[in-house]
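Read through the structure below, which is laid out as structure tokens, and then see the notes.
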Number of protein chains: 2
Amino acid sequence: MAQERRSGCPINLTLEQLGDRWSLIVIRDVMFGNRRSYGDLLANNEEGIASNILADRLKRLVASGLMTRSPDPSHRQKSIYSLTEAGIQLVPLLAQMCAWGLAHTHPSPLLSVRATLLVAGGPDMWEALMQELRYLHLGAPRPERSVFEEVRAAYAAAAKVS
Amino acid sequence: MAQERRSGCPINLTLEQLGDRWSLIVIRDVMFGNRRSYGDLLANNEEGIASNILADRLKRLVASGLMTRSPDPSHRQKSIYSLTEAGIQLVPLLAQMCAWGLAHTHPSPLLSVRATLLVAGGPDMWEALMQELRYLHLGAPRPERSVFEEVRAAYAAAAKVS
DNA sequence: TCATCCAGTTGCAAAATACAAGCGGTTCAA
DNA sequence: TTGAACCGCTTGTATTTTGCAACTGGATGA
């Protein structure tokens, strides 16, 4: 159970928790897509994640303290997955992944809209997004600025044009 | 050969290239440890990477344009691996991984010294490091500031104390 | 000439991933 | 009250990736 760690390097330890093909995809969907239940994550995932992989990743992310699971009052079988503060603090990392992906891969134009906005917004926007996530996931007071709304508007405008 | 992509999302595309347990470890060693040959990478890797995994990752990183391989004039069997501009631009991503790892894992104190300095230095220091990497890997003119030297000095000081 | 170095490759076992089907409890409408 | 649909998974199986150890064939140096 107490998994051996390969080394004490912070990059390595981050990789040991998040260095696979799916963990950050799940976090991305919870974070940017506000998908909060298993079924929502499974049905609306862009990359077609398999149900057993999703179940495994959710378990691992909860176990390692990046997410929490709480019962959904509207449906006894459902759970609501929320980001913890540690999960929310992945925003800058994901933003850098957006930046690198935009510059060095060939992302689809429509899916690039939100990423471009997030990268252009820089650390100020990332901090505002983190505040908003603390509101949505941790019950913090609602911030004035809504990055979600800014991004939604930009996406809608781009989708209309294309 | 033309591998199917799961989606056009820039985060996903980044993950498809770098989302495994070893690719970024190899890049870290080339980037921060200035390990430039197969043998150097294999013998001095902190995490004990296996020889076949290293060979595979070097091939993939070269194939995907993050590194180049050139012959070593001093030894006909050896090659020198260098970062490309795309590889160098992973500096901010790795810096964010350092930041998250420092805050949310339990890295070893000694290995945290360099990471802490890099995180504290912020984007200015990352840019200086990138300039230095362009000098070391791409033949750009030598910059005045040497982040390598700053980091080396901090590490030596910490190692002496501990 | 011969031991050593060097950059990998090969064979095999174990683990992770992918895909499809199934399962028991819950909800809801008739 | 009953049955269909929904829900969050689990199970079984095939494929792929990883990890480990041993090995190889050429290059180098004494």
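Because the structure is a prediction, the values reported are computed rather than measured. In what follows, every chain begins at residue 1, and chains take the letters A, B, ... in the order their sequences are listed.
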For this session: Taking only the side-chain nitrogens and oxygens of Y81(A), find out if one of them lies under 4.0 Å from OP1 or OP2 of dC9(D).
Result: yes
Exercise. Is E47(B) salt-bridged to R28(B), cutoff N-O under 4.0 Å?
Worked result: yes
Exercise. Which sits closer to the 5' end of DNA chain C, N52(A) or R76(A), going by the nucleotide each is nearest to?
Worked result: N52(A)
Exercise. Less than 4.0 Å between a side-chain N and a carboxylate O, is that true for R57(A) and D20(A)?
Worked result: yes
Problem set entry | W22(A) vs S74(A), nearer the 5' end of DNA chain C by closest nucleotide | W22(A)
Exercise. For E144(A), does the CD atom have more than 12 heavy-atom neighbours from other residues, nucleotides or ligands under 6.0 Å away?
Worked result: no
For this session: Whole angstrom is fine here: how far is it from CG in D40(A) over to C1' in dC6(D)?
Result: 14 Å
Exercise. For the pair made of CD1 in I49(B) and C1' in dA21(D), what is the distance, rounded to whole Å?
Worked result: 16 Å
For this session: Please figure out whether R6(A) or K78(A) has its closest DNA chain D nucleotide nearer the 5' end.
Result: K78(A)
Problem set entry | R6(B) to W22(A) six-membered ring, cation-pi geometry met (6.0 Å, 45°) | yes
Exercise. Which part of the nucleic acid does S79(A) contact within heavy-atom distance under 4.0 Å: base, sugar-phosphate only, or nothing?
Worked result: nothing
Exercise. Is there a side-chain contact between I25(B) and I49(B), using heavy atoms and a 4.5 Å cut-off?
Worked result: no
For this session: Rounded off to whole Å, could you give me the CD1-to-P distance for the I25(B) and dG19(D) pair?
Result: 11 Å
For this session: Between S51(A) and H75(A), just flag the one whose closest nucleotide in DNA chain D comes earlier from the 5' side.
Result: H75(A)
Exercise. Quick one: R21(B) CZ to dT16(D) P, roughly how many Å, whole number?
Worked result: 20 Å
Exercise. Donor-acceptor pair under 3.5 Å: do we get one between Q77(A)'s side chain and the base of dG8(D)?
Worked result: no
Seminar exercise, completed: side-chain contact (heavy atoms from CB on, under 4.5 Å) with W100(B): of I11(A), L90(A), V91(A), only one passes, and it is L90(A)
Seminar exercise, completed: Rounded to the nearest 0.5 angstrom, the OH-CG distance for Y38(B) and L58(B) is 8.0 Å
Exercise. Residues from residues 54-64 of chain A sitting under 4.0 Å of DNA chain D, heavy atoms only?
Worked result: A55(A), K59(A)
Exercise. At what distance, to the nearest 0.5 angstrom, does CZ of R35(A) lie from CG of L42(A)?
Worked result: 11.5 Å
Seminar exercise, completed: CD1 of I27(B) to CG of L83(B), rounded to nearest 0.5 Å, is 6.5 Å
Problem set entry | Contact boundaries on DNA chain C for chain B, cut-off under 4.0 Å to non-hydrogen atoms | dC6(C) to dG11(C)
For this session: Identify which nucleotide among dG26(D), dC7(D), dT18(D) has an atom closest to any side-chain atom of D20(B), counting heavy atoms from C-beta outward.
Result: dT18(D)
